[in-house]
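What follows is a single structure, written as structure tokens, with notes after it.
Sequence lines set the chain letters: A, B, ... in the order given, protein chains first and strands last, and positions in each chain run from 1. Here the structure is a predicted model, which is why all the values come from computation and not from measurement.
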Amino acid sequence: MNLLASLRRAIRDILAARIDDPAVVDELVGTIRPSTDPKFGDYQANCAMPLGKRLGKPPREIAAELVAAVVARPEIVAMCEPPEIAGPGFINLRLRDEWLAAEVNRAARDEERLGVGIASPAKTYVVDYSGPNVAKPMHVGHIRSTVIGDALWRTLKFLGHNAIGDNHVGDWGTQFGMIIYGWKHFRDEAAYKANAVEELARLYRLTRQLIDYWDAATALPKATDRLVEIKTRLLTIQTESENDKIAAKKTSAELKRLGAELDDIAAVMATLQSKLDAVHNNARLSVLAVDHAAINDAVLSETAKLHAGDPENLALWREFLPPCMSDIETIYRRLGVKIDYTLGESFYHDRLAGIVELLARKNLVRESDGAKCVFLDGFDFPMIVQKRDGAFLYSTTDLATIDYREKTWRPDAILYVVDHRQSGHFAQLFAATRLADLTDAELAHVSFGTVLGDDGKPFKTRSGDTVGLGGLLDEAERRALAIVSENDDAKPQPELSAEERANVARIVGIAAIKYADLAHNRTSDYVFSYDKMLATKGNTATYMQYAYARVRSIFRKGDVDIDALRREAAAEIVFTHPSERALAIGLLSLEEALDSMLAGYYPHHLTTYLFDVATRYSTFYQECDVLKAEPESTRTSRLLLCDLTARTLKLGLGLLGIETVEKM
RNA sequence: GUCCCCGUAGCUCAAUCGGAUAGAGCAUCGGCCUUCUAAGCCGAGGGUUGCAGGUUCGACUCCUGCCGGGGAUGCCA
């Protein structure tokens, strides 16, 4: 039951009788929403103002007409008290207690779905998320994609949609050329035998470092030239402007721009210099760098050989892939994430030439500087689908992927949970997909911001490396254990064994990381902080899990068989206190929250909802005795409210991929 | 240079399609545990929503310009 949707449906007819254009009716229906303040009722309709303007009548008059129409309809009267008109023409709606009670009882008896309906029609969604680069270690950004994608996937499925999770792993790109090159030249056989993934990661970093070194070596002189150029120009301008006040005004903008560029160049040069220094300050690296002066081209050629089917490189690829994948699987297991399919870049390799041909047949391909390009309206640069040297790029792979998904699953929508820096790429990809008519499915870039450190810069270790995911999870669990232990020790009778504490810490620690990710608006950057995510107050997983455990502890303490009580025909929820009613409305808003989450693919709409439920519960818990409530019917009613609260929290957290514990 | 995103309380973040007095948490201050987990609850203070205009009954939200931060920018993904 979606309260809001029910209200909107009921009032829709009334509006439709006055306005012909269905689009306008939709817009007006959209103005019905939860009230901003309890004193304005439970829901408010803000449609009288725009309608008044449209019909040329005072909004309050329109509101009065609408209210008259509302009270003439038995099905709305059954739901709502007579509406009130306030301010310029706001219509305030208050749900009837009897109706609310009946609905909350219905939800309480629904074992599986808590009253949440199944979407109709069900749609097919392909959710593309996680997508780590097999050759590179995973970093915090991958958690965001993985966790957000997983939450969307779970929620879509729960609402009855056909959700297909697809992990588009990077298992075929230049990074593999780097590993292969590294393995051929720098490998430590013993280390490889002991821990293949660790050694491969070392080879990747080493090769990467040498490539960066040579890139820096060529880039630095150019940057230096530019620096000199800018300084010269600045000097000229300064001299000119001292002699000529009018010229000074004209050049002030340029002065500023050059100043900014000067800062940029200086920063770039510092970075380049540090890459050079890292090698120069290490005798062994210096030798390696000189010995591998052509490493950049060599790596590209290893990649090209792999793609061309070179037996040696292909054999190495086949050898490297499984341990890398199993390393990634380990992280997924810890996160509790399972992705339906893993169809990476390599899966599409033999389809790429066909895609370029298809585009060519549709007259979409033009050659430019030797590369095959798709030129798109509204973009300054084309999308390259085949390089001058004949190699394909990620754009080609992504087009082939869309083509495959369309043919395999006929999806209604494809969601890409990928960070915001690729928004330009996706804009081009989607435009090209429409041009080539590969699919009619909704294509959505579910983008997300960067995870930042305390300093407001992308989350890195002090030495500037990306933070390994395994260590990140370890740290969260370690800190969670300290919090759990401290709390349990503070009880008169500690109730958790060492194993239980470790298990709770594991669940609480992982939940903290996931929840922090999900609770922030995905489009903005957010600051990663163990202290904040593990805080026991505020909008955190810990608070929510605590609320859940507190509810469950009531049943244990009172020796209540809640599953049996829930099924008793005579047991029902009745309101005897305002906090019970407020909690009930919260509990009945679950479907509304899920719909809102999926409408914009915003998991934080669900976390906000769950936090609201937990808060309403805490208020209720504070103000109403449960086990000691008299008479028996009130005690039963409150137990049922507690039960529905617990199940709502567990279900909602579950849809976010977050576990709960019975004691903490 | 061009394009995209962001700028909200001291801090971290919300605010649904343009709605009533811009909300939470942290931090600060004041109350509430012989009573179901105080990891809690109740209350107070704290804001020119970057700046300047515009659109209208109404703007954090839409439009224009500016300032500040980040990102993307033809053969990496």
Syn or anti for C17(B)? Use the chi torsion, O4'-C1'-N9-C4 for purines and O4'-C1'-N1-C2 for pyrimidines, with syn inside 90° of 0. syn
Please pick, from A39(B), G74(B), G19(B), the nucleotide with the shortest atom-to-atom distance to any side-chain atom of Ile384(A). G74(B)
Base, sugar-phosphate alone, or nothing: which one does Pro50(A) contact when heavy atoms must sit under 4.0 Å apart? base
Under 6.0 Å from the ring centre and within 45 degrees of the ring axis: does the NZ or CZ of Arg366(A) meet both conditions for the six-membered ring of Phe375(A)? yes
Once each nucleotide of nucleotides 11-17 of chain B is scored for protein heavy atoms under 4.0 Å, what B/S/- sequence comes out, 5' to 3'? -SSSS-B
Look at the side chain of Phe40(A) and decide which nucleotide, out of A77(B), A39(B), A20(B), has an atom nearest to it. A20(B)
Which comes earlier along RNA chain B counting from the 5' end, the contact point of Gly87(A) or that of Asn487(A), where each point is its nearest nucleotide? Gly87(A)
Classify the glycosidic conformation of C4(B) as syn or anti, calling it syn when the angle lies within 90° of 0. anti
Near RNA chain B, under 4.0 Å by heavy atom, which residues of residues 373-382 of chain A? Cys373(A), Asp380(A), Phe381(A), Pro382(A)
Sorted by chain and residue number, the ring pair (Phe, Tyr, Trp, His ring centres under 6.0 Å) partners of Tyr602(A) (sequence neighbours excluded) come out as His604(A), His605(A)
Distances under 3.5 Å between protein N/O atoms and the N/O atoms of nucleotides 33-36 of chain B, please, pair by pair.
| from | atom 1 | to | atom 2 | distance (Å) |
| --- | --- | --- | --- | --- |
| U35(B) | O2' | Lys628(A) | NZ | 2.4 |
| C36(B) | O2 | Leu627(A) | N | 3.1 |
| C36(B) | N3 | Val626(A) | N | 3.1 |
| C36(B) | N4 | Tyr621(A) | O | 2.6 |
| C36(B) | N4 | Cys624(A) | O | 2.7 |

Could I get the full list of side chain to side chain contact (heavy atoms under 4.5 Å, CB included) partners for Lys537(A), not counting sequence neighbours? none
Step-by-step side chain to side chain contact (heavy atoms under 4.5 Å, CB included) determination, Val451(A) to Arg144(A): CA-CA 8 Å; Val451(A) 182; Arg144(A) 271 207 115 169; 3.8 Å; yes
RNA chain B: Asn539(A) or Ser368(A), which has the more 5' nearest nucleotide? Asn539(A)
Please check if the side chain of Thr31(A) supplies one atom and the backbone of Ala45(A) the other of a donor-acceptor pair under 3.5 Å. no
Dot-bracket pairing map - RNA chain B, Watson-Crick plus G-U, both contacts under 3.5 Å, | cross-strand: (((((((..((((.....[...)))).(((((.......))))).....(((((..]....))))))))))))....
Could you tell me whether Asp488(A) and Arg501(A) make a salt bridge, using a distance below 4.0 angstrom between a side-chain N and a carboxylate O? yes
